[in-house]
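Sequence lines set the chain letters: A, B, ... in the order given, protein chains first and strands last, and positions in each chain run from 1. Just so it is clear, the structure is predicted and the values come from calculations on it, not from any experiment. Values below: every heavy atom of this structure, side chains too, minus hydrogens, waters and symmetry copies.
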Protein chains: 2
Amino acid sequence: MDAAVGLAAWAGLLADRTRASFCLALLDGRAWTVGELAKHAGVALSTASEHADRLVAGGMLAQRRQGRHRYLELANPQVAALIETVAAAHPSARNGTGTPVTTLAAAHKRRNLAFARTCYDHLAGYLGVAIADAMVGNGFVTRTHGTALTPRGVAWLGQLGVDLGKPGRRAVLRDCLDWTERRSHLAGVAGSEICRHALAAGWVVRIGSGRAVKVTPVGERALADQLGLVIGAAGTDSPGAAHAMPAGARRR
Amino acid sequence: MDAAVGLAAWAGLLADRTRASFCLALLDGRAWTVGELAKHAGVALSTASEHADRLVAGGMLAQRRQGRHRYLELANPQVAALIETVAAAHPSARNGTGTPVTTLAAAHKRRNLAFARTCYDHLAGYLGVAIADAMVGNGFVTRTHGTALTPRGVAWLGQLGVDLGKPGRRAVLRDCLDWTERRSHLAGVAGSEICRHALAAGWVVRIGSGRAVKVTPVGERALADQLGLVIGAAGTDSPGAAHAMPAGARRR
DNA sequence: CCGACGGTTCGGCGCCCACCGAAGGATCGC
DNA sequence: GCGATCCTTCGGTGGGCGCCGAACCGTCGG
């Protein structure tokens with residue numbers, strides 16, 4: 001009886017078309033913003049916000065607030081597995097429309113596809129995290145007391161032709177949590193300038209119209225020379241890559 | 001989006017306290033009448049009848065009409081496994097402070113349930129998990145690559161008089177998450193046959209009308225002989241003997 | 001300072017649905 | 001035939017909740 005209440009409450013979280021749509025979308029293992037989820041489900045932002053509240057309160061989703069964004073993801077792998085199981089098993093799974101339910105395994109594959117992309121105005125994905133790590137390894141960035149550029153790092157940027165100018169309101173360097181890698185990459189003015197330079201110098205080029213980018217041979221050499229960073233042959237691009245991104249949030 | 005509708009519809013079947021109560025009750029693998037379910041859930045007969053309609057229409061339950069009775073049971077083992085999984089995993093463990101007003105009788109009932117019960121058509125609870133572990137320990141079941149019956153396990157079952165027959169659609173052996181022990185017990189055809197044999201051979205007998213069972217002296221001897229499994233002084237329906245439950249033996 | 005933008009809160013609307021009691025079968029035992 | 005039992009159908013009621021737009025707030029970048 002008591003168990004029935006709990007079971008009903010849990011099922012109730014999924015028992016709404018919009019919330020179910022959220023959860024299915026989040027099965028890709030990434031974190032989506034409220035706005036992205038709203039657009040995906042076709043509801044107003046306010047509605048999506050309220051649904052997000054309920055899903056978080058019910059323990060189905062976890063959230064992380066970053067700046068003016070609110071990122072939502074499945075609370076844990078157990079929840080993901082459970083949703084997958086239910087979604088795969090419910091009778092109408094054979095919907096015939098050829099839209100199979102996304103599995104976590106498939107999502108991992110897709111992760112490799114989008115191994116490099118832009119996030120706002122800086123680099124993200126595997127590439128972004130790798131660059132961040134390499135800069136720490138080379139002593140250009142320190143993370144001992146928060147994340148900051150070292151004098152050597154400033155010099156390195158200057159040698160690339162990047163002038164950070166006078167300190168303004170925007171942080172010079174900031175960590176930005178990468179939701180495919182679940183680790184931080186570099187944002188802020190420096191992150192933005194690194195991205196700008198990488199594009200300008202032909203280290204990376206955009207793939208299609210989305211946020212995905214790929215590393216050119218020139219870029220591979222430059223990254224190896226400049227940062228000792230060896231990029232594996234990972235980045236296979238495919239039309240699916242851009243499609244895998246949450247709609248919206250592509251700016252600039 | 002299409003999938004979201006289906007998922008929401010399916011979850012919606014469980015997203016009601018009364019219907020969830022039905023499904024949980026039906027996890028004992030028996031067929032219940034509408035009247036029994038109504039009384040169990042504490043709703044009017046008419047209400048129960050309507051809920052039964054919805055659950056049948058949604059593919060969760062199957063029905064069989066016999067004379068003036070309408071028997072309801074879970075549609076298939078897959079549905080049973082799904083419900084059990086969801087019930088075991090839903091995060092109502094921290095369901096809030098005040099809830100459970102438990103009577104002593106209810107507590108005893110629950111202890112019996114926790115000790116040994118049927119789950120759909122196989123054994124669950126402490127007993128179910130212990131049997132599963134013992135079968136692994138005796139080399140009858142392997143869990144190296146998923147859970148499977150070994151040749152020795154097949155032979156053991158044969159010696160009990162259990163013939164698994166030809167492989168059909170249903171898995172021969174499957175793990176089923178136990179919601180009191182939070183560990184896996186054995187389901188599938190083999191799990192079902194073990195339960196059937198245990199009841200037929202008088203190893204266990206049902207307590208009252210619910211899912212709870214208790215191990216008989218014959219069963220104790222048989223489990224010790226066959227599996228080297230020593231069960232403490234059996235679960236019983238008498239309040240005084242509740243202490244006999246192998247409290248120290250729980251978990252591992 | 002400003003405007004742009006993502007998100008939240010609030011009031012309100014409308015619909016869905018869980019529930020009940022009463023009336024109406026259907027089936028059993030006699 | 002009769003009454004008893006089990007169930008279904010139907011009308012009505014109440015509450016919950018999904019949805020929206022408008023107002024508001026905090027953050028970002030200039």
Side-chain angles (χ1 to χ4, degrees), chain A residues 4-5 8-9 11-22 31-58 61 63-72 119-122 164-172 174 176 187-193 196 246-252, chain B residues 4-5 8-9 11-22 31-58 61 63-72:
Chain A
V5 175
L13 294 176
L14 283 181
D16 172 78
R17 176 207 151 94
T18 299
R19 285 194 297 272
S21 166
F22 283 14
W32 294 46
T33 65
V34 173
E36 288 164 347
L37 288 172
K39 186 175 298 185
H40 173 77
V43 295
L45 199 54
S46 56
T47 303
S49 178
E50 286 164 356
H51 281 306
D53 287 344
R54 287 192 57 175
L55 288 167
V56 170
L61 302 189
Q63 61 180 329
R64 172 172 184 123
R65 287 169 196 273
Q66 188 169 293
R68 52 187 168 186
H69 298 279
R70 177 194 189 185
Y71 288 101
L72 295 154
C119 168
Y120 293 94
D121 58 359
H122 51 270
L164 294 175
K166 304 223 169 169
R169 287 187 55 85
R170 188 178 179 189
V172 173
R174 221 186 63 238
C176 179
V189 175
S192 169
E193 286 300 317
R196 200 192 46 71
R250 48 183 71 131
R251 313 173 5 174
R252 211 147 304 195
Chain B
V5 174
L13 293 177
L14 283 181
D16 172 78
R17 175 205 153 92
T18 299
R19 284 194 298 271
S21 167
F22 283 15
W32 294 44
T33 65
V34 174
E36 286 166 347
L37 289 172
K39 184 177 296 184
H40 174 77
V43 295
L45 202 53
S46 58
T47 304
S49 177
E50 285 164 356
H51 282 306
D53 285 345
R54 286 192 58 174
L55 288 167
V56 170
L61 302 189
Q63 59 181 331
R64 188 161 26 101
R65 289 174 194 269
Q66 251 177 45
R68 52 188 169 185
H69 298 279
R70 178 194 189 186
Y71 290 101
L72 295 154

Would A:Glu193 and A:Arg196 count as a salt bridge (charged side-chain N to carboxylate O under 4.0 Å, His left out) if you check the C-alpha gap in whole Å, the side-chain angles of each, and the deciding distance to 0.1 Å?
CA-CA 5 Å; A:Glu193 286 300 317; A:Arg196 200 192 46 71; 2.9 Å; yes
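The base of D:dC10 lies close enough to the side chain of B:Glu50 for a donor and an acceptor atom to sit less than 3.5 Å apart. No donor-acceptor contact under 3.5 Å links the side chain of B:Gln66 to the base of C:dC28. For C:dG6, its base never sits under 3.5 Å from the side chain of A:Thr33 at any donor and acceptor pair. Side-chain N/O atoms of B:Ser46 and base N/O atoms of C:dG21 include a donor-acceptor pair closer than 3.5 Å.
Computed from coordinates, the A:Leu72 CG to C:dG7 C1' distance equals 11 Å when rounded to whole Å. Following rounding to the nearest Å, A:Leu37 (CG) and D:dC19 (P) show an atom-to-atom distance of 13 Å. In this structure, B:Leu55 places its CG atom 14 Å from C1' of C:dC17, rounding to the nearest Å. Between A:Arg17 atom CZ and D:dG18 atom C1' there is a gap of 12 Å when expressed in whole angstrom units. In this structure, CG of B:Asp53 is placed 6 Å from P of D:dT8, rounded to the nearest angstrom. Distance B:Arg64 CZ to D:dC6 P: 17 Å, rounded to the nearest Å. Rounded to an integer number of Å, the gap from B:Trp32 CH2 to D:dC6 C1' is 17 Å. The CD atom of B:Glu36 sits 16 Å away from the P atom of D:dT5 (whole-angstrom rounding).
An OP1 or OP2 oxygen of C:dC19 is reached within less than 4.0 angstrom by no side-chain nitrogen or oxygen of B:Thr47. Proximity of B:His69 to the phosphate of D:dT5: no side-chain N or O atom is located under 4.0 Å from OP1 or OP2. Remark: A:His51 is in phosphate contact with D:dC19, judged by side-chain N or O atoms under 4.0 Å from OP1 or OP2. Remark: A:Arg70 is in phosphate contact with C:dT8, judged by side-chain N or O atoms under 4.0 Å from OP1 or OP2. Regarding contacts with the backbone of C:dA18, a side-chain N or O of B:Arg54 is found under 4.0 angstrom from either OP1 or OP2. At D:dG18, one or more side-chain N or O atoms of A:Arg19 fall inside 4.0 Å of OP1 or OP2 (strictly under the cut-off). Phosphate contact (OP1/OP2 of C:dC19, side-chain N/O of B:Thr18, threshold under 4.0 Å): present.
Of all heavy-atom pairs spanning A:Ala41 and A:Phe22, the tightest one is CB-CE1, 3.6 Å. Smallest separation of non-hydrogen atoms from A:Ser21 and A:His40: OG-CD2, 3.2 Å. When all heavy atoms of A:Ala44 and A:Ala38 are compared, the closest pair comes out as O-CB, 4.1 Å. Taking every heavy atom of both residues into account, A:Arg17 and B:Ala4 meet most closely at O-CB, 3.7 Å.
Of the candidates D:dA4, D:dG18, D:dT9, D:dA4 carries the atom nearest the B:Arg68 side chain, counting heavy atoms from C-beta on. The side chain of A:Leu45 lies closest to C:dT8, out of C:dC20, C:dT8, D:dT5.
With hydrogens and angles ignored, the 3.5 Å screen pairs no side-chain donor or acceptor of B:Arg19 with any backbone N or O of A:Ala8.
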